[in-house]
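Below is one structure, written out as structure tokens; the observations come after it.
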Amino acid sequence: MQTSPRPYHHGDLRAALLARAEETLREKGAAALSLRELARDVGVSHAAPSRHFKDKQALLDALALVGFERMTSAIEESQADAGETFPKRLDAVVRTYVGFCLENAVLLDLMYSIKHDPAASAALREATRKWSEIIERLVVDGQREGEVREGSVERVGIPIFATLHGYADLAANGMLAPEITEHGLDEVIAFMLRGGAPDGRA
């Protein structure tokens, strides 16, 4: 005997759709996402998702937003227990970011592709700004402590983020040999500390 779909209480449907959408994204990719299929998967009418997402693009935007919020929250939490010194705080940011990338490679691709879309929502732009501010605060604190060379935050911070994102992307896409992956992150962190150090301390 077939059971009826589990009813969703008011306010739960959007979260249920996003959760199922992320599962589908991980399993099959963004092309496989369909509001009609999601409605069927969570047991609601095919029109019900339109109350929360006007179309597939709105759903993808919401997924990207959730991703940035989750990543930012994880990195902020890592800073609470990282210690007071710049090297320890940088270490925590790097390891948390790379860990997020490894666990959410497909979601991360979506996040960054939508981030650069001119039509990205104000909420998504705000979420990406908060993530960028973590790196900026880290650089400013490092400069204040004499651990990072002087200069504009953008000029000093871009090489740090480029190194971080580049390594994470290589690792998430399986492009690093196991022997590199084992100790590679330690070497990347050491490289970033040397590269950002004041003249004469690199």
Side-chain angles (χ1 to χ4, degrees), residues 15 18-19 21-23 25-27 30 60-116 120 123-149 153-197:
L18 284 172
E22 186 171 346
E23 291 175 359
L25 179 70
R26 292 173 184 274
E27 295 166 359
L60 294 176
D61 289 350
L63 276 175
L65 176 60
V66 168
F68 274 110
E69 289 176 341
R70 189 186 304 158
M71 181 177 73
T72 300
S73 177
I75 292 173
E76 287 178 336
E77 288 177 9
S78 78
Q79 293 296 281
D81 301 321
E84 297 182 358
T85 68
F86 171 76
K88 288 183 178 179
R89 294 199 303 275
L90 178 66
D91 185 283
V93 166
V94 171
R95 294 186 189 282
T96 302
Y97 180 77
V98 172
F100 180 90
C101 293
L102 291 174
E103 294 172 6
N104 302 275
V106 179
L107 178 61
L108 195 78
D109 285 343
L110 175 68
M111 289 161 56
Y112 280 108
S113 65
I114 291 182
K115 169 191 173 184
H116 297 295
L124 183 58
R125 290 195 299 272
E126 175 66 12
T128 59
R129 184 186 64 79
K130 287 182 178 179
W131 150 235
S132 299
E133 284 181 346
I134 294 176
I135 298 296
E136 292 173 2
R137 287 199 305 268
L138 191 62
V139 170
V140 170
D141 289 346
Q143 290 175 326
R144 187 182 302 116
E145 297 165 16
E147 297 283 352
V148 177
R149 68 177 184 273
V153 173
E154 293 80 8
R155 185 171 181 178
V156 177
I158 284 176
I160 292 175
F161 179 73
T163 302
L164 170 58
H165 184 62
Y167 178 86
D169 187 57
L170 291 172
N173 286 285
M175 299 177 67
L176 299 178
E179 61 270 20
I180 295 177
T181 303
E182 183 178 1
H183 301 293
L185 197 52
D186 294 335
E187 294 170 359
V188 166
I189 294 170
F191 177 83
M192 293 166 74
L193 288 170
R194 291 195 303 270

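Remember, predicted model here, so these are calculated numbers, not experimental data.
Contact of the N104 side chain with the M71 side chain is not registered, since no non-hydrogen atoms from C-beta on lie closer than 4.5 Å. Using a 4.5 Å heavy-atom threshold, the side chains of I158 and R155 count as separate. Using a 4.5 Å heavy-atom cutoff, the side chains of D141 and R144 are in contact.
Under 4.0 Å is where a charged nitrogen must lie from a carboxylate oxygen, and between R194 and E187 no such pair does. A salt bridge does not link E103 to R26: none of the charged nitrogens lies less than 4.0 Å from a carboxylate oxygen. Taking the charged nitrogens against the carboxylate oxygens, K88 and D91 have no contact shorter than 4.0 Å, which rules out a salt bridge.
With sequence neighbours left out, R129 forms a side chain to side chain donor-acceptor pair (under 3.5 Å) with E126, E133. Judged as a side chain to side chain contact (heavy atoms under 4.5 Å, CB included), and not counting sequence neighbours, the contacts of V156 are V139, Q143, V148, R149.
Smallest separation of non-hydrogen atoms from A64 and L124: C-CD1, 4.0 Å. Considering all non-hydrogen atoms of both residues, A172 and C101 come closest at CB-O, 3.8 Å. In terms of heavy atoms, L65 sits closest to A123 at CD1-O, 3.6 Å. Contact between Y167 and V188 at its shortest, heavy atoms only, is CD1-CG2, 3.4 Å.
Checked by atom type and distance alone, the side chain of T128 pairs as donor or acceptor with a backbone atom of R125 at under 3.5 Å.
Once rounded to the nearest 0.5 Å, the distance linking OG of S73 with CZ of F68 reads 14.5 Å. Between the CD atom of E136 and the CD atom of E154 there is a distance of 6.0 Å, given to the nearest 0.5 Å. Taken from CG in L164 to CZ in F191, the straight-line distance is 12.5 Å, to the nearest 0.5 Å. Within the model, atoms CE of M192 and CG of L90 stand 5.0 Å from one another, a figure rounded to the nearest 0.5 Å.
Put simply, the residue from E84, E76, E145 that forms a salt bridge (Lys or Arg N to Asp or Glu O under 4.0 Å) with R89 is E145.
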Going by atom type alone, with no hydrogens or angles, which donor-acceptor pairs under 3.5 Å involve a side-chain atom of residues 106-116 and a protein atom two or more places apart or on another chain?
| unit_1 | atom_1 | unit_2 | atom_2 | d |
| --- | --- | --- | --- | --- |
| Y112 | OH | Y97 | OH | 3.0 |
| S113 | OG | D109 | O | 3.2 |
| S113 | OG | L110 | O | 2.9 |

